[in-house]
*Asks:* 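I'd like to ask you about the structure that follows.
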Amino acid sequence: QLHIVESGGGLVQPGGSLRLSCVTSGLDLDDYDYGWFRQAPGKAREGVSCIGSRGTSQYYADSVKGRFTISRDDARNTVYLQMDHLEPEDAAVYYCHARSRFTALAGARNMCVRLQSNYWGQGTQVTVSS
């Protein structure tokens, strides 16, 4: 049975850091690209960062470039999003998504820009406020 579970969200002051984790089960990680999409009230969903299968490619939205780092540990079936120098604009529900690497127009950039996904979790809330 497939499960994607996010954790690590919470309340942090501007300038602070959080690390989100995405644990998957029921999937062969080698066959999937992973990404973090976020949704804030009144805003369009945004592909924040994506990573290709085996970490072959990475993509970051301009809004987070230089502040966020995505990584994956296939041995632990886990994908991470390290978020540093958080800003109030980063506040949102963050969802972990998985997309088959056999999808047409594959790759981390396409996954994030086109918001492509086969599976996703329930999300974890990130609040940035003083």
Side-chain angles (χ1 to χ4, degrees):
Q1 192 170 1
L2 171 69
H3 287 289
I4 295 179
V5 179
E6 304 97 331
S7 63
L11 172 63
V12 64
Q13 293 185 345
S17 297
L18 286 173
R19 187 175 81 156
L20 305 184
S21 298
C22 168
V23 179
T24 69
S25 60
L27 293 175
D28 183 348
L29 252 68
D30 282 353
D31 287 339
Y32 288 85
D33 305 324
Y34 281 86
W36 290 93
F37 300 171
R38 67 186 179 188
Q39 181 80 60
K43 294 186 179 180
R45 186 170 56 157
E46 180 182 20
V48 173
S49 182
C50 294
I51 187 166
S53 64
R54 304 183 180 93
T56 51
S57 63
Q58 297 179 11
Y59 169 87
Y60 297 94
D62 287 343
S63 57
V64 306
K65 202 171 292 183
R67 300 187 296 120
F68 290 11
T69 304
I70 192 169
S71 61
R72 57 190 290 163
D73 183 342
D74 289 3
R76 297 178 182 270
N77 290 339
T78 303
V79 180
Y80 302 99
L81 184 68
Q82 178 67 40
M83 306 188 297
D84 298 317
H85 305 293
L86 282 161
E87 302 169 353
E89 293 74 22
D90 296 317
V93 179
Y94 285 70
Y95 298 89
C96 179
H97 288 255
R99 183 201 64 178
S100 170
R101 68 183 179 92
F102 302 107
T103 303
L105 300 176
R109 183 181 187 282
N110 278 315
M111 180 179 181
C112 263
V113 171
R114 296 171 181 269
L115 298 174
Q116 296 173 327
S117 176
N118 298 117
Y119 308 105
W120 56 92
Q122 294 298 308
T124 184
Q125 176 72 50
V126 171
T127 303
V128 185
S129 175
S130 55

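These values consider heavy atoms only, across backbone and side chains, with no hydrogens, waters or symmetry-generated copies.
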*Asks:* Would you check if Cys96 and Trp36 make a side-chain contact, meaning some heavy-atom pair closer than 4.5 Å?
*Replies:*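 Result yes, sub-4.5 Å side-chain heavy-atom pair found.
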*Asks:* How far apart are the closest heavy atoms of Ser130 and Pro14, and which atoms are they?
*Replies:*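 In terms of heavy atoms, the two residues are closest at N-CD, 3.7 Å.
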*Asks:* Hey, what do you get for CG (Asp33) to NE2 (His97), rounding to the nearest 0.5 Å?
*Replies:*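 The NE2 atom of His97 is 13.5 Å from CG of Asp33, to the nearest 0.5 Å.
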*Asks:* Is Val23 isolated, or which residues cluster with it under the ILVMFWY side-chain rule of less than 4.5 Å, directly or via members?
*Replies:*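 Joined to Val23, directly or through intermediates: none.
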*Asks:* State, with a plain yes or no, whether a side-chain heavy atom of Gln82 is found less than 4.5 Å away from one of Ser17.
*Replies:*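 Result yes, sub-4.5 Å side-chain heavy-atom pair found.
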*Asks:* Considering only heavy atoms from C-beta outward, does the side chain of Arg38 approach that of Val64 to under 4.5 Å?
*Replies:*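 Answer yes - side chains close enough.
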*Asks:* Please give the remaining members of the hydrophobic cluster of Tyr95, linking ILVMFWY side chains under 4.5 Å, ordered by chain and number.
*Replies:*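 Same cluster as Tyr95: Val93.
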*Asks:* Can you name the nearest heavy-atom pair linking Gly52 to Ala108, along with the distance?
*Replies:*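 Minimum heavy-atom contact is N-CB, 3.9 Å.
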*Asks:* For Cys50 and Gly35, work out which heavy atoms get closest and say how close.
*Replies:*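 Between these two residues, the closest heavy atoms are SG-CA, 3.7 Å.
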*Asks:* When rounded to the nearest 0.5 angstrom, what distance separates CG in Asn118 from OH in Tyr32?
*Replies:*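 Answer rounded to 0.5 Å: 6.0 Å.
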*Asks:* Flag yes if Met111 and Tyr119 sit in one hydrophobic cluster, no otherwise; membership is Ile, Leu, Val, Met, Phe, Trp, Tyr, and two members link when side-chain heavy atoms are under 4.5 Å apart.
*Replies:*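 In one cluster: no.
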*Asks:* What verdict does the side chain to side chain contact (heavy atoms under 4.5 Å, CB included) test give for Arg99 and Asn110, after you've listed the backbone C-alpha separation in whole Å, the side-chain angles of each residue and the deciding distance to 0.1 Å?
*Replies:* CA-CA 11 Å; Arg99 183 201 64 178; Asn110 278 315; 4.2 Å; yes
*Asks:* Taking atom types as modelled, is there a side-chain donor on Thr103 or Gln116 under 3.5 Å from an acceptor on the other?
*Replies:*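 Checked: Thr103/Gln116 side chains show no N/O donor-acceptor pair below 3.5 Å.
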*Asks:* Could you tell me which non-hydrogen atom of Asp74 sits nearest to which non-hydrogen atom of Arg72, and how far apart they are?
*Replies:*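 That would be OD1-NE, 2.9 Å.
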*Asks:* So if you build clusters from Ile, Leu, Val, Met, Phe, Trp, Tyr with side-chain heavy-atom gaps below 4.5 Å, do Ile51 and Tyr60 land together?
*Replies:*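 Linked, Ile51 and Tyr60 end up in one cluster.
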*Asks:* Which residues pass the side chain to side chain contact (heavy atoms under 4.5 Å, CB included) test with Asp28, not counting sequence neighbours?
*Replies:*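 Scan of Asp28 (side chain to side chain contact (heavy atoms under 4.5 Å, CB included), adjacent residues dropped) gives Asp30, Asp31.
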*Asks:* So, using salt bridge (charged side-chain N to carboxylate O under 4.0 Å, His left out) as the criterion, who are the partners of Asp84 when residues are at least two apart?
*Replies:*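 Asp84 satisfies salt bridge (charged side-chain N to carboxylate O under 4.0 Å, His left out) with no other residue.
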*Asks:* With sequence neighbours excluded, what pairs up with Arg67 under the salt bridge (charged side-chain N to carboxylate O under 4.0 Å, His left out) test?
*Replies:*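 Once residues adjacent in sequence are excluded, the partners of Arg67 under the salt bridge (charged side-chain N to carboxylate O under 4.0 Å, His left out) criterion are Glu87, Asp90.
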*Asks:* Can you confirm whether Ser25 sits close enough to Asn77 that some side-chain heavy atom of one is under 4.5 Å from a side-chain heavy atom of the other?
*Replies:*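 A side-chain contact under 4.5 Å is absent here.
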*Asks:* Quick check: is Phe68 connected to Leu115 through a chain of hydrophobic side chains (ILVMFWY, heavy atoms under 4.5 Å apart)?
*Replies:*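 No, because Leu115 and Phe68 fall into different hydrophobic clusters, even though each may have its own neighbours under 4.5 Å.
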*Asks:* What closest approach, in Å, do Gly47 and Ala61 show between heavy atoms, and which atom pair accounts for it?
*Replies:*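 For Gly47 and Ala61, the tightest heavy-atom pair comes out as O-CB, 3.6 Å.
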*Asks:* Working to the nearest 0.5 angstrom, can you tell me the gap between Glu46 CD and Gln39 CD?
*Replies:*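 Here the interatomic distance stands at 10.0 Å.
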*Asks:* Is there a side-chain contact between Ser49 and Tyr59 in this structure, where contact means two heavy atoms from C-beta onward sitting under 4.5 Å apart?
*Replies:*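 The answer is no, as the side chains (C-beta and beyond) never meet within the 4.5 Å cut-off.
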*Asks:* Please say yes or no: joined through hydrophobic side-chain contacts below 4.5 Å, possibly via intermediate residues, are Leu18 and Tyr80 part of one cluster?
*Replies:*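 In one cluster with Leu18: Tyr80, no.
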*Asks:* Can you tell me how far the CZ atom of Arg19 sits from the CG atom of Leu81, to the nearest 0.5 Å?
*Replies:*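 Interatomic distance, Arg19 CZ to Leu81 CG, rounded to 0.5 Å: 10.5 Å.
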*Asks:* For Glu6, which residues count as a salt bridge (charged side-chain N to carboxylate O under 4.0 Å, His left out) partner, sequence neighbours excluded?
*Replies:*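 Glu6: no salt bridge (charged side-chain N to carboxylate O under 4.0 Å, His left out) contacts found.
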*Asks:* What is the minimum heavy-atom distance between Ser117 and Trp120, and which atoms define it?
*Replies:*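 In terms of heavy atoms, the two residues are closest at OG-CE3, 3.4 Å.
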*Asks:* For Arg101, is the CZ atom crowded, meaning more than 12 foreign heavy atoms sit under 6.0 Å from it?
*Replies:*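 Yes, CZ of Arg101 has more than 12 neighbouring heavy atoms, counting only those of other groups under 6.0 Å.
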*Asks:* Does any part of the side chain of Phe37, heavy atoms only, come nearer than 4.5 Å to the side chain of Cys112, both counted from C-beta?
*Replies:*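 They are in side-chain contact.
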*Asks:* Are any of the side-chain heavy atoms of Glu89 and Ser63 separated by less than 4.5 Å?
*Replies:*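 No - every pair of side-chain heavy atoms lies 4.5 Å or more apart.
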